[in-house]
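Below is one structure; the comments refer to it alone.
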Amino acid sequence: MMSAFSSISLLLNPRRVALLISAIAITTALVTIPAIAQTSAPKSSQDPPPPPSPGDNIRYGYAIHQSIDLGGHIASYSGNDAMYDTLVNFQSGPRILDQSMEMIAVDPAHAPLFDTLSTTSFGYGGDPYNVTFLNFSKGRIYDFHSSFRRNRQYFADDLLANPLIPPTSTPFVPILDTPHLYNTVRRMTDTSLTVAPLSVVSAHFGYFQNVNQGPTNSTIHVGAEALLTQYWRVSTDVWNGGITWKPLRGTSVGFDEFITHFKGNTHWQLTGLDYQLSNGTPVSLGIDLSSVWASPCAAPFTPNGTVNPTCNGFLSYTRYAPTRTLFPSEQFHFQSTSIRHFTMNGRVLYMGTTSHLTNFNENFNGLDARVGNRVEDVTGSANARRINVNADYGATWQVTPKVAFNDIFDFWYFRQPATNVFTETDYAGTSMLQPPGAATTTTTPDYQALNQKTKRNTFFVNWDVNPFARLTLGYRYSSRIITDAGGDFIPIHENWSLFGIVFRPTPQLRANFNFDWMYADNSFTRISPRQLQHYVLRTSYKAKTWLNFSGTINILEDRDNIQTVNHLAHNRDFSFSTVIVPSEKWSIDLSYSYDDVFSTTLECYTATPVVEGTPQGPPVCQQAGLPLQSNGYYNQPTQYGSIGFVFTPVKKFHAVAGYRMSDTDGQAPPINIRQVPGSLQSQYQTPYGTLAYDLTPNWTWKANYDYYSYGEGTPIGPTLPRSFRGNVYTLGVRYAF
Amino acid sequence: MKPSHWGAWMRRALLCVTLIAVLPGFWKTGRVNAAATSQQAVNAPQNAAAAATTSNYVGAETCATCHQDQVKGFEGNPHAKLALEHGGKGVTCEGCHGPGKAHVDSGGDATKIFRFTTATPKQVAERCLTCHVGDHPNFERTAHGDALVGCTSCHSVHKPEAQTALLKASQPTLCYQCHTDIKAAFAEPFHHRVDEGLIKCTDCHDPHGTFQPQMLQLSATQDAICTKCHIDTVGPWVYEHPPIKTEGCTMCHFPHGSTNPRLLTRNNVNSLCLQCHSPSMNFTAPGTPSFHNQANQYQACTICHVQIHGSNASSIFFK
């Protein structure tokens, strides 16, 4: 008889564990007769519908409840308008603040199209977010769900992609706004129809559309870095259809087809033609105009103030890259609880994607002084394939009423070969005042590939120690192999230990603690963890019917502490919340959170001038011409606090008031002498208040006040300050009928 | 078979047999008691095969004689469709609470019927998953199921605040009751518009579980759920930024909210990029060229490397 120790050592081998489990499963399956419960329904009559209540609005056989909130905003703000629009973006004007309608059939047996219908909307008339939900269903026949969402995405944080022009430049042309401004509108429509949802065979169909369009700013480097206007127009259409069959009680199998079509019609053109050549031709010198950097050249201007024609510059630029991608995928899925004490589910999916960029067209007219080109024309095409094969299987075996074995196996594979071929015709020249010279044409094909195969198995045991406590122990093994066209072969093997405990001594008190520990023998990037520990403690306590506490401690530690990397990171979050509802007349909720984001990673770079105290890098960095080293220190401690009051002294009057603040006081030593902390030292405050008075049972008057305040620490940097203050007053009336 | 191999095989077989033999020791003798806890009333034994006979069902009209509050307005509840089962002769109340005859005959003894308010989360999940397991087959194996967060922790059939999915409270308020850390994330200056009502937690997560980590959903293109909205990043590209596909979007972005623009994990783009693009002996990511002076315009990496999520035309993501 082997020792207990050698028994345990046997079990530490994953392959042997899998073999053992298979043996137990097969043995148990042979001796267990699947018990499929066959309960017959009582022959009672269908429940009659209750009579409509006196207050119901009964029309066309439906009890209808509707409400509409009409009103408007009065918005005033000071400081950085662009940042207000980025973070808030509520403007003045009338609005449909809210709308809802619910229709419930009085007698479903005689309702023609639907038994229930509900729809809600908000934000129409000018708010940055407009949303509509529409759901309706008819008994056993169908269920329909849909949504429409429109989102105005305006982004103009002036530090993003900002070159930080040195003030000592001559001339000094600071970039006060971000060169990568976004001003797009995203419209998303989501529909889902299930036919015969309760039947043995049911079908489902869905359609999703996402259209994202609008003008943004972008940049391109051709000698200089020019500002472009980018006309966004990307969209996806997703069609899906599927069928689910329930051959046995507790078992279902199904097939789904997903077809996604992506259409990209974004194009770019030059903007910012702020200067002139001596012949009056408008020209752009780009956004990096600085004599300190000799950008776009050492002497960009002539003595008479016109642009030096031998300097890097843009006379015109356009780029078109229409892309079409088709993602058809087939998925088979199943689920079963028909075997007693054994549940399982899984899926297998295949997707074969094709992407085509058929008519790439880029035209540059100006001067790329480094290579001596006046005009560059690029045409070409690109094609990419992606093959996905995914399979997942999960099973739970309730071995005893107190012990359950769980296993999840995942196989995720994609390979992505891609090719392109571009023909570039360069016209020589050394001056923008001279026409383009001799042409040189080169055609360059390229082949790339990226592949990843992941196999992962998670096994864990739940032990319900008693009705108040559960213990979970588990092990996960993951094998990942990444390869590419360059011949890289990167295997990564991860071993995880999983531990969890749930403690529920009373229905009012619950605490659960989870600990995951991971070790990997390799990593793909310098900041991918080779070691990871994740601790999560969540508690909730309902001390009284009117008093609730909840809290979370969430600590994630990871590192990739190999030579020349020394990556160390953590995210430690401590938060709690309490809700006090002593009566229907008033309540308070309080929340606090402290979140500490930290990381260090050895980084090598070059900089002139150098930030004082910068150390020299290791030999591998010196050899690469990057002699300076930073430990990449980044510390972002954020505190969040909120308090909210709800006050209803009499039935007709409601008041809400509250205050929220998010404060970050972080440190990240700059590696550029002009870098500023920016958002790393910032504060965002949003107090609010609402009054509502029921004028009559159907009419409610409402007033709302929101205050928005954003500020950053100093120095601001060579841009506009990013702080703002905003007041948004909302007045409205609600009519319910 | 060599003696050493025979011995190893025998030891493995003996271990298997021993473990199988030990298993019955975990079984408690006697009938399983569905709700036996010291603080909870003991329910009548719920042997499905024995109790589920037609004579034990009383019908919703009988339930309504005492439970008017629960019956009123129930016709709008999705569970009212239970009445349509079995050729239109199904039951509603007893479809979830079990046969009510013993409860009625005893004059309303609450211990003689299944009560969701006093059952354990596991018992509640077993009952709800009897019908809903087809939609939520992963639940028991996920963080919520494993942590005994039962169905009635989030759902209320009789008193939902949100009719969609019969939630006890609307999203995200419901989720914030436990996920207090996430509430703070969405209050940071740059955040996904969850508190504003544009996005719901369930747009990205399936609280009933998926095969993905963190109960995340996948897009229809089998990419991270982020690409459902951020379709410009979906690719596939000739020139991929490989970690996006292999490690995920959260290598560079915080998913919920951030103090930094674009929800980046660092306030300065160059320090984010240099974390990976510094010379090292064991990694394929190229280091920055020696002329990328960080004291001038090269510190703003994305001025030139604009198409950072992938490109069909430039291996260095210029276009």
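Numbered from 1 within each chain, the chains take letters A, B, ... in sequence-line order. As a basis for the values below, the full set of heavy atoms in this structure was taken, side chains included, without hydrogen atoms, waters or symmetry mates. In this text, all values refer to a predicted model and were calculated from it rather than measured experimentally.
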Please give me the minimum heavy-atom distance between [X] and [Y], naming the atom from each residue.
{"X": "A/Asn672", "Y": "B/Asn296", "result": "ND2-O, 4.0 Å"}
{"X": "A/Thr664", "Y": "B/Glu188", "result": "OG1-OE1, 4.5 Å"}
{"X": "A/Tyr640", "Y": "B/Ala187", "result": "CE1-CB, 3.2 Å"}
{"X": "B/Val234", "Y": "A/Arg386", "result": "O-NH1, 3.8 Å"}
{"X": "A/Arg149", "Y": "B/Leu198", "result": "CD-O, 3.0 Å"}
{"X": "B/Lys319", "Y": "A/Ile220", "result": "CB-CD1, 4.1 Å"}

Mind ranking [options] by heavy-atom pairs under 4.5 Å with chain A and telling me who comes out on top?
{"options": "B/Ala184, B/Ser290, B/Pro236, B/Gly235", "value": "B/Pro236"}
{"options": "B/Asp181, B/Ile199, B/Val306", "value": "B/Asp181"}
{"options": "B/Pro242, B/Ser258, B/Pro279", "value": "B/Pro279"}
{"options": "B/Ala185, B/Cys131, B/Ala147", "value": "B/Ala147"}
{"options": "B/Ala285, B/Pro289, B/Ser315, B/Pro243", "value": "B/Pro243"}
{"options": "B/Ala64, B/Ser219, B/Gly197", "value": "B/Gly197"}

Inter-residue atom distance [X].[atom1] - [Y].[atom2], 0.5 Å rounding:
{"X": "B/Leu129", "Y": "A/Gln335", "atom1": "CG", "atom2": "CD", "answer": "9.5 Å"}
{"X": "A/Leu160", "Y": "B/Leu264", "atom1": "CG", "atom2": "CG", "answer": "7.0 Å"}
{"X": "A/Thr525", "Y": "B/Phe283", "atom1": "OG1", "atom2": "CZ", "answer": "7.0 Å"}
{"X": "A/Thr606", "Y": "B/Asn293", "atom1": "OG1", "atom2": "CG", "answer": "5.5 Å"}
{"X": "A/Phe414", "Y": "B/Asp223", "atom1": "CZ", "atom2": "CG", "answer": "9.0 Å"}
{"X": "B/Thr246", "Y": "A/Gln452", "atom1": "OG1", "atom2": "CD", "answer": "5.5 Å"}

Can you check whether [X] reaches [Y] side chain to side chain, under 4.5 Å on heavy atoms?
{"X": "A/Phe258", "Y": "B/Thr221", "result": "no"}
{"X": "A/Ile490", "Y": "B/Thr284", "result": "yes"}
{"X": "B/Gln297", "Y": "A/Ser290", "result": "no"}
{"X": "A/Ser577", "Y": "B/Tyr176", "result": "no"}
{"X": "A/Ile527", "Y": "B/Cys276", "result": "yes"}
{"X": "B/Pro121", "Y": "A/Arg470", "result": "no"}
{"X": "B/Thr259", "Y": "A/Ser662", "result": "no"}
{"X": "A/Arg526", "Y": "B/Leu274", "result": "no"}

Practice task
Would you verify whether the NZ or CZ of B/Arg262 falls within 45 degrees of the ring axis of A/Phe155 while also being under 6.0 Å from that six-membered ring's centre?
Solution key: yes
Name the region of [X], side chain, backbone, both or neither, that has any atom closer than 4.5 Å to a heavy atom of chain A.
{"X": "B/Leu218", "result": "side chain"}
{"X": "B/Phe254", "result": "side chain"}
{"X": "B/Val269", "result": "side chain"}
{"X": "B/Phe211", "result": "both"}
{"X": "B/Cys229", "result": "both"}
{"X": "B/Arg266", "result": "both"}
{"X": "B/Pro78", "result": "neither"}
{"X": "B/Ala220", "result": "both"}
{"X": "B/Thr265", "result": "backbone"}
{"X": "B/Asp135", "result": "neither"}

Quick one about [Y] and [X] (side-chain donor to acceptor, distance below 3.5 Å, no hydrogens or angles considered), yes or no?
{"X": "A/Asn406", "Y": "B/Glu140", "value": "no"}
{"X": "B/Thr180", "Y": "A/Ser550", "value": "no"}
{"X": "A/Tyr605", "Y": "B/Asn270", "value": "no"}
{"X": "A/Ser591", "Y": "B/Lys183", "value": "yes"}
{"X": "A/Gln675", "Y": "B/Asn267", "value": "no"}
{"X": "B/Asp146", "Y": "A/Thr472", "value": "yes"}

Problem - Lys/Arg N to Asp/Glu carboxylate O, B/Asp232 vs A/Arg186, below 4.0 Å - result: no
Handout entry: Lys/Arg-Asp/Glu bridge criterion (N-O < 4.0 Å) met for A/Arg660, B/Asp195
Key = no
For [X] and [Y], indicate whether the former's side chain and the latter's backbone hold a donor-acceptor pair under 3.5 Å.
{"X": "A/Asn420", "Y": "B/Asn312", "value": "yes"}
{"X": "A/Thr219", "Y": "B/Ile303", "value": "yes"}
{"X": "B/Gln299", "Y": "A/Asn162", "value": "yes"}
{"X": "B/Glu240", "Y": "A/Gln448", "value": "no"}
{"X": "A/Thr552", "Y": "B/Cys178", "value": "yes"}
{"X": "B/Ser278", "Y": "A/Glu603", "value": "no"}
{"X": "A/Asn210", "Y": "B/Lys228", "value": "yes"}

Problem - Among A/Thr343, A/Asp392, A/Asn345, A/Thr396, side chain to side chain donor-acceptor pair (under 3.5 Å) partner for B/Asn138 - result: A/Asn345
Problem - side chain to side chain contact (heavy atoms under 4.5 Å, CB included) between A/Arg510 and B/Val149, intermediate numbers included - result: CA-CA 9 Å; A/Arg510 186 177 64 83; B/Val149 177; 3.9 Å; yes
Problem - side chain to side chain donor-acceptor pair (under 3.5 Å) between A/Arg538 and B/His179, intermediate numbers included - result: CA-CA 8 Å; A/Arg538 295 195 196 277; B/His179 296 274; 3.3 Å; yes
Handout entry: Segment of A/Thr638 engaging chain B (4.5 angstrom heavy-atom cut-off)
Key = side chain
Practice task
Let me see the working for A/Ser679 and B/Asn260 under side chain to side chain donor-acceptor pair (under 3.5 Å), right down to the final yes or no.
Solution key: CA-CA 6 Å; A/Ser679 57; B/Asn260 302 319; 2.9 Å; yes
